[in-house]
Amino acid sequence: MAKCKECGQEPKRSLPQNNRLHLLFTEIAANVPAADGLYHNHHWWKVMFKDRYLGYNEYKTSSGKVITELKSTADCNVAELNDFMARVERWAAEHNIWLQD
């Protein structure tokens, strides 16, 4: 995808991408029990997939303490979100979850 002519940054994710991703989390939540045998809500699944496929940002305080937080899909550009979505969709397909194109 083309970079912004003014600032040179890649565009952030698109609204259709975001909607599709949330639809996928909703389908997973409704149809796949987690390893603990329970059905969890879409937000739980989103956190689990971010942990598995996006990772964490680390921040070091002035005292040397390291603080970690899950990376946010909101900070992904289109290519990064495409990669994340492909991984989640592959996992979903392995669990018989498919979205209509």
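Nothing fancy with the numbering, it's 1 onward along the sequence. All values below were derived from every heavy atom in this structure, side-chain atoms included, with hydrogens, water molecules and symmetry-related copies excluded.
Under the 4.5 Å side-chain heavy-atom criterion for ILVMFWY residues, a single connected hydrophobic cluster contains both F25 and L99. Following chains of ILVMFWY side-chain contacts shorter than 4.5 Å, one can reach V47 starting from L81, so the two form part of one hydrophobic cluster. Put simply, W98 and W45 are part of two different groups of oily side chains (I, L, V, M, F, W, Y) that touch within less than 4.5 Å, one to the next.
In this structure, the separation between CD1 on I28 and NZ on K46 is 12.5 Å, given to the nearest 0.5 Å. A distance of 14.0 Å separates NE2 in H42 from NE2 in H40, rounded to the nearest 0.5 Å. Put simply, CG on N18 and CE on M85 are 9.0 Å apart, with the number rounded to the nearest 0.5 Å.
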Practice task
Verify side chain to side chain contact (heavy atoms under 4.5 Å, CB included) between T73 and K50, making sure each step is shown before the conclusion.
Solution key: CA-CA 8 Å; T73 57; K50 285 169 37 175; 4.3 Å; yes
Exercise for the section: Determine, step by step, whether F49 and R87 satisfy the side chain to side chain contact (heavy atoms under 4.5 Å, CB included) criterion, reporting the C-alpha distance in whole Å, the side-chain angles of both residues, the deciding distance to 0.1 Å, and the verdict. Expected result: CA-CA 9 Å; F49 285 117; R87 290 171 179 228; over 6 Å; no
Practice task
Determine, step by step, whether Y39 and N31 satisfy the side chain to side chain donor-acceptor pair (under 3.5 Å) criterion, reporting the C-alpha distance in whole Å, the side-chain angles of both residues, the deciding distance to 0.1 Å, and the verdict.
Solution key: CA-CA 8 Å; Y39 287 86; N31 295 289; over 6 Å; no
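The environment of H43 atom NE2 is sparse: at most 12 non-hydrogen atoms of other residues, nucleotides or ligands sit within 6.0 angstrom.
In this pair, H95 and W91 present their aromatic rings parallel. The plane angle is below 30°, not in the 30 to 60° band.
Not one N or O on the side chain of E27 forms a donor-acceptor pair closer than 3.5 Å with the backbone of L24. Within the 3.5 Å criterion, the main-chain N or O of V78 finds a donor-acceptor partner in the side chain of Q17.
Residues N41 and A29 share a closest heavy-atom pair of C-CB, 3.7 Å.
In this structure, the side chains of L54 and L70 stay at 4.5 Å or more apart for every pair of heavy atoms.
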